[in-house]
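Within every chain, numbering begins at 1; the chains are lettered A, B, ... in the order of the sequence lines, protein sequences first and strands thereafter.
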Amino acid sequence: MQVKAPRGTYDVLPPDSKKWQFIEQIIEETAHLFGYNEIRTPVFEHTELFERGVGETTDIVTKEMYTFQDKSNRSLTLRPEGTASCVRALVEHSVYGGVMPVKWYYSGPMFRYDRPQTGRYRQFHQFGVEAFGSHSPYLDAEIIMLLVQILHNLGLIDYELHLNSVGCPVCRETYRQILITHINPVKEKLCPDCQSRYEKNPLRVLDCKIEDCKQAITDFPFIFDHLCDNCKQHYNLVKSTLEAGGIHYLHDNNLVRGLDYYTNTAFEIHIPSIGAQSAVGGGGRYNGLVKACGGPDIPGIGFALGMERLLLALDGVPEYKEPYSSLDVFLAVLDDKYDVQAMQVLERLRTAKIMADRDYTGRSMKAQMKYADKLGARIVVLMGEDEVNRGFFTIRDMQSREQLEVKSEQIISAIKDILA
RNA sequence: GUGGGUGUAGCUCAGCUGGUUAGAGCACCAGAUUGUGGCUCUGGGGGCCGUGGGUUCGAGUCCCAUCAUCCACCCCA
């Protein structure tokens with residue numbers, strides 16, 4: 001019985017790995033433009049970090065974590081998301097003691113035990129950014145502008161930006177009370193999930209997708225209408241800044257983030273065309289998180305992008321061309337007695353930053369030409385009896401089909417002329 | 001965790017109501033005279049028909065289980 005990749009995981013093989021490199025490069029370049037620098041954290045952490053940092057009532061923590069004991073009986077967990085680790089690192093290294101705000105990005109695999117489907121894997125990849133140490137609504141705006149610019153730089157324009165504010169602990173608590181008094185009379189009509197949400201986190205009832213629940217709550221007040229003056233002003237400044245930047249958003253009263261730590265601004269990017277898992281990115285402000293993780297009372301804000309979902313979305317973009325790899329030079333070696341010299345020639349080419357390759361399977365001359373063609377070689381350099389004995393190379397331009405002979409010493413410059 | 005669809009060569013699939021050595025296209029490899037590619041032609045290698053049981057004289061084809069995958073719920077990025 002052959003071993004296969006575990007459920008919900010997959011391999012990225014060469015033509016596709018190019019796509020990954022392509023989008024990773026664009027995303028990182030864009031983050032740099034906004035002044036964000038990379039942080040790399042461990043792929044596993046103490047389980048406790050996620051319990052506190054993500055929230056003990058969330059689905060992620062209660063049923064989706066890859067938790068295991070190591071040989072010293074520590075409880076460790078493969079990271080299900082990236083924010084908690086960033087917060088931990090911020091506190092552990094007292095980074096907040098330096099220049100603020102701290103602006104980081106990260107990228108890498110995350111792990112959630114969930115049932116796989118399109119756009120959802122057990123090992124998936126997120127790119128995320130975090131900014132710590134500023135309450136400014138303009139930083140909220142910057143984060144969203146970065147997210148939007150990444151999408152634009154990738155060529156994605158058919159997205160929806162949903163925006164809401166979930167308030168601060170003070171106004172959220174008042175709203176929570178109001179919400180409970182509204183839910184209580186209709187509690188029996190709600191789905192079982194919502195009935196338990198009602199106990200733990202009544203806000204989540206608002207984004208239930210079940211039709212009966214939607215019906216039951218249609219006349220409920222929105223948190224937006226109960227924000228305190230500070231939160232209201234904060235949200236308005238975020239919105240007006242986005243408007244000034246020409247960024248279109250949809251105010252979404254039902255947008256309530258699933259993770260417990262969010263405060264104020266919350267946002268999501270949806271690309272409906274990629275299927276049911278249409279949330280390509282999402283994030284928001286989390287002013288209480290750093291303190292909850294044992295650090296000082298520092299605000300934070302960030303977002304994460306789902307790489308697999310971005311890839312799905314890019315498949316639907318007509319201008320998006322698959323980057324393909326090609327080759328500058330294929331060296332056709334016509335007799336195996338020149339193998340050693342051939343390796344020296346390759347070394348010279350590669351040292352001169354010319355992408356070069358040859359055959360290693362004993363192909364005939366003709367087969368080597370075919371092979372060179374398949375590799376997308378721009379030039380074939382022939383190395384046979386005549387060439388070696390008389391000290392030159394035959395160079396064939398595969399596009400024009402023209403051939404010329406150049407002296408061995410001039411091979412590099414001759415090739416560079418054709419490539420240029 | 002729940003419901004439904006699918007599982008035949010590397011890839012996309014065909015295989016009628018169960019019947020002899022399981023097929024095609026693409027891909028791969030080799031030839032079409034002596035050191036030359038993209039087209040064409042010829043030939044070739046490749047399949048425990050997802051896995052394990054069962055029914056039957058006989059199963060890729062029927063039944064059950066299991067695994068994987070896809071679609072949706074759920075959740076989230």
Side-chain angles (χ1 to χ4, degrees), chain A residues 1-10 13 15 54-55 58-64 80-83 107-122 124-129 147 159 191-194 196-197 204 207-211 255-259 267-271 274-284 302-313 327 330 332-335 338 359 361-388 394-403:
Chain A
M1 190 54 190
Q2 69 165 319
V3 179
K4 293 180 181 165
R7 177 152 214 219
T9 69
Y10 58 93
L13 273 46
V54 180
T58 59
D59 282 23
I60 292 176
V61 169
T62 55
K63 46 193 187 196
E64 295 177 3
E81 55 97 51
T83 302
S107 178
M110 305 293 163
F111 306 85
R112 264 124 92 158
Y113 188 89
D114 209 347
R115 184 135 174 198
Q117 93 185 54
T118 307
R120 190 166 76 189
Y121 300 91
R122 289 182 174 181
F124 61 105
H125 297 78
Q126 285 189 338
F127 168 87
V129 310
L147 175 53
Y159 59 83
C191 69
D193 277 344
C194 281
S196 69
R197 281 176 188 139
R204 297 264 319 276
D207 67 347
C208 184
K209 313 292 188 297
I210 306 225
E211 206 44 48
L255 173 56
V256 181
R257 313 265 39 238
L259 282 56
F267 54 92
E268 270 180 14
I269 295 284
H270 284 269
I271 299 185
I274 63 173
Q277 307 301 320
S278 67
V280 159
F303 70 76
L305 282 167
M307 300 294 280
E308 284 80 0
R309 294 181 187 177
L310 276 180
L311 259 315
L312 276 178
L327 193 63
F330 181 87
V333 186
L334 306 190
D335 190 309
Y338 306 129
D359 169 58
T361 65
R363 274 181 248 250
S364 67
M365 166 81 191
K366 186 172 183 141
Q368 287 191 62
M369 293 303 292
K370 282 191 170 183
Y371 180 48
D373 191 51
K374 266 173 228 157
L375 294 180
R378 181 65 215 287
I379 294 166
V380 169
V381 172
L382 294 176
M383 192 173 166
E385 184 118 34
D386 297 348
E387 286 82 359
V388 174
T394 303
I395 297 182
R396 180 178 178 85
D397 183 328
M398 294 295 270
Q399 283 171 20
S400 66
R401 311 184 64 152
E402 287 167 2
Q403 289 193 188

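If you take CG on D114(A) and CZ on R122(A), they are separated by 7.5 Å, rounding to the nearest 0.5 Å.
Look at CG on L382(A): it is 11 Å from C1' on G37(B), rounded to the nearest Å. Here the P atom of nucleotide G37(B) and the CG atom of D359(A) are 16 Å apart, to the nearest Å. In this entry the distance linking CE of M369(A) with P of G35(B) reads 14 Å, nearest Å. In this entry the distance linking NZ of K366(A) with P of U36(B) reads 7 Å, nearest Å. Counting to the nearest Å, the C1' atom of A30(B) and the CZ atom of R363(A) are 12 Å from each other.
The side chain to side chain contact (heavy atoms under 4.5 Å, CB included) test with M369(A) singles out one residue from M398(A), R363(A), K374(A), and that residue is M398(A).
When each of P6(A) and H125(A) is assigned the nucleotide of RNA chain B with its nearest heavy atom, P6(A) is the one assigned upstream, toward the 5' end. Mapping A276(A) and E387(A) onto RNA chain B by nearest heavy atom places E387(A) at the nucleotide closer to the 5' end.
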For nucleotides 39-41 of chain B, tabulate all protein N/O to nucleotide N/O atom pairs closer than 3.5 Å, reporting atom names and distance.
none

Strictly under 3.5 Å: I want the nitrogen or oxygen pairs between protein and nucleotides 1-11 of chain B, one per line.
| from | atom 1 | to | atom 2 | distance (Å) |
| --- | --- | --- | --- | --- |
| U2(B) | O4 | R115(A) | NE | 3.3 |
| U2(B) | O4 | R115(A) | NH1 | 2.7 |
| G3(B) | O6 | R115(A) | NH2 | 3.3 |

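In this structure, G362(A) reaches neither bases nor backbone, as no heavy-atom distance under 4.0 Å exists between it and the strands shown. F124(A) comes within 4.0 angstrom of a nucleotide base, judged by non-hydrogen atoms across all strands. At the heavy-atom level, D386(A) lies under 4.0 Å from base atoms of the strands shown. Residue K374(A) is classed as a sugar-phosphate contact, given heavy-atom separations below 4.0 Å to backbone atoms only. Within 4.0 Å (heavy atoms only), G128(A) reaches no atom of the nucleic acid at all. Contact annotation for L305(A): no contact, since no heavy-atom pair falls under 4.0 Å across all strands. Within 4.0 Å (heavy atoms only), Q403(A) reaches at least one base atom of the nucleic acid. Across all strands, E268(A) comes closer than 4.0 Å to no nucleic acid atom at all (heavy-atom distances). Across all strands, A372(A) comes closer than 4.0 Å to no nucleic acid atom at all (heavy-atom distances).
Here R396(A) does not reach the OP1 or OP2 of G37(B): none of its side-chain N or O atoms lies under 4.0 Å away.
Base pairing in RNA chain B gives the following stems of 3 or more Watson-Crick or G-U pairs, range against range and under 3.5 Å: B:1-7 with B:67-73, B:10-13 with B:23-26, B:28-32 with B:40-44, B:50-54 with B:62-66.
Taking the side-chain contact (heavy atoms from CB on, under 4.5 Å) definition, one finds that S107(A) meets it with F127(A), sequence neighbours left out. For the ring-ring contact (aromatic ring centres under 6.0 Å, His included) test, no residue two or more places apart in sequence or in another chain qualifies with Y338(A). Among residues two or more places apart in sequence or in another chain, the ring-ring contact (aromatic ring centres under 6.0 Å, His included) test is passed with F267(A) by none.
Rounded to whole Å, the separation between the C1' atoms of G5(B) and C48(B) comes to 26 Å.
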